[in-house]
Amino acid sequence: MTAATALAHPNIAFIKYWGDKDPVLRIPANGSLSMNLDNLYSLTKVSFDPELVWDELFIDGQVAGDTAHQRVSHFLDHVRKLSGIASKARVESENNFPTGVGVASSASAFAALSLAASRAAGLDLDERSLSRLARRGSGSACRSVPAGFVEWQPGEDDERSYAKSIAPADHWQLYDCIAIISQEHKETGSQEGHRLADSSLLQRTRVEDAPRRLGLCREAILKRDFEAFADIVEFDSNLMHAVMMTSQPQLFYWLPATIAVMQAVSEWRKSGTAVCFTIDAGPNVHIITLEENSPGVIADLMHIPGVKKVLVSRPGAGVRLVNG
Ligand code: DP6
């Protein structure tokens with residue numbers, strides 16, 4: 001038996017990935033840019049065991065459901081193909097945050113799985129190859145492989161579609177305060193959402209304009225220009241949600257408290273606080289601010305009716321092996 005354990009953080013996208021050129025290889029319609037979230041993680045142990053007759057998957061100590069099992073087993077088939085190993089594997093994964101709430105657990109889960117499974121299978125992949133491998137499990141997982149602030153170059157094929165760091169985690173002390181509004185499992189996951197993107201009239205414009213938004217966001221991060229950063233991050237999030245809302249069938253992820261938080265953040269920003277919002281495929285709102293503002297922002301968020309709790313994170317490292 002061979003085993004390895006890896007730890008990876010989820011990431012929050014400032015310029016979003018939405019829609020695929022190739023849904024099987026997960027070649028995205030547009031490039032994206034994100035920050036790893038240090039305080040949240042997935043810890044995953046993979047053991048290839050010749051005694052096993054099928055792959056086993058445990059998430060937070062429970063036997064995983066069929067959909068998750070199939071997705072992981074399919075991913076392990078790819079690792080078996082790359083390494084030449086034939087054995088089935090036991091995968092034990094834990095998250096220190098709730099799954100399915102708009103904090104992308106699939107990103108940290110597949111980034112950790114990629115490193116643990118490839119090592120356990122005897123492969124020693126470099127960062128680029130690992131990012132490409134993670135992408136096949138979940139698109140945004142390729143961005144949880146490198147450290148800090150990370151850009152996913154869309155590429156045209158498997159070889160050229162991978163993520164790399166544009167700045168280390170200590171480049172800018174941005175804080176992500178995640179206002180948890182609902183912990184229920186979302187009805188339409190990202191995988192299905194990506195398939196619907198092209199049914200919106202707005203998707204084409206969104207994709208065509210992506211290099212411009214990426215350029216503005218990258219520059220704002222590199223210069224630590226919060227105002228410029230806030231403008232493009234909110235715009236990009238609104239644009240993705242406009243695509244979601246105009247897809248057929250429509251996807252509408254917001255709840256009343258989601259809008260209340262967006263409005264409050266806009267008010268705080270108008271009154272001079274460095275703060276902005278971004279929302280993934282769920283009702284929860286990520287409020288990005290600077291370290292010094294975070295205690296005040298968290299306290300104010302907790303006063304908004306419908307905000308159940310606030311998770312806080314600073315920029316995080318890339319995927320790594322740990323003693324398991
Ligand atoms: C809205 O990476 O979760 O969070 O490849 O199907 O796992 P799959 O999709 P996923 O999509 C992420 C969508 C998003 C935006 C983003 O993180 O860029």
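All values below come from the heavy atoms of this structure, side chains included, with hydrogens, waters and symmetry mates left out. One-based numbering, in listed order, for ligands and for the atoms of each.
- For the residue pair Y17 and D20, a side-chain donor N or O sits within less than 3.5 Å of a side-chain acceptor on the partner.
- The side-chain heavy atoms of L113 and V46, taken from C-beta on, include a pair separated by under 4.5 Å.
- Considering every non-hydrogen atom in both Y253 and G189, the closest pair reads OH-O, 4.3 Å.
- The atoms of ligand 1 that sit less than 4.0 Å from any heavy atom of S140 are 2 (O), 3 (O), 10 (P), 17 (O).
- With R136, H194, Q191 as candidates, the residue nearest to atom 9 (O) of ligand 1 on a non-hydrogen basis is H194.
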For R119 and L321, run side-chain contact (heavy atoms from CB on, under 4.5 Å): C-alpha distance rounded to whole Å, both residues' side-chain angles, the deciding distance at 0.1 Å, then the answer.
-> CA-CA 9 Å; R119 276 303 172 102; L321 290 169; 3.2 Å; yes
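- Residue contacts with ligand 1: W18 is placed with no nitrogen or oxygen under 3.5 Å of a nitrogen or oxygen of the ligand (distance criterion only).
- With ligand atoms numbered from 1 in the order given, ligand 1 contributes 1 (C) to contacts under 4.0 Å with heavy atoms of M240.
- Within ligand 1, the atoms closer than 4.0 Å to a non-hydrogen atom of A281 are 1 (C), numbered from 1 in the order shown.
- Near A13, meaning under 4.0 Å from one of its heavy atoms, ligand 1 places the atoms 16 (C), 17 (O), 18 (O).
- Near S138, meaning under 4.0 Å from one of its heavy atoms, ligand 1 places the atoms 2 (O), 3 (O), 5 (O), 7 (O), 8 (P), 10 (P).
- Less than 4.0 angstrom separates some heavy atom of S106 from each of these atoms of ligand 1: 3 (O), 7 (O).
- The shortest N or O to N or O distance between S32 and ligand 1 is not under 3.5 Å.
- Judged by the shortest distance from any of its heavy atoms, H241 lies outside the 4.0 Å radius around the atoms of ligand 1.
- Within 6.0 Å of NZ on K164 lie no more than 12 heavy atoms contributed by other residues, nucleotides or ligands.
- Summarising the geometry, atom CH2 belonging to W268 is positioned 12.0 Å from atom SG belonging to C276; distances are rounded to the nearest 0.5 Å.
- Taking 4.0 Å as the cut-off, R143 counts as a neighbour of ligand 1 on heavy-atom distance.
- Side-chain heavy atoms closer than 4.5 Å link hydrophobic residues (I, L, V, M, F, W, Y) into clusters, and following such links, even through other members, never connects M245 to V207.
- Within a 6.0 Å radius of CG in D66, other residues, nucleotides and ligands contribute 12 heavy atoms or fewer.
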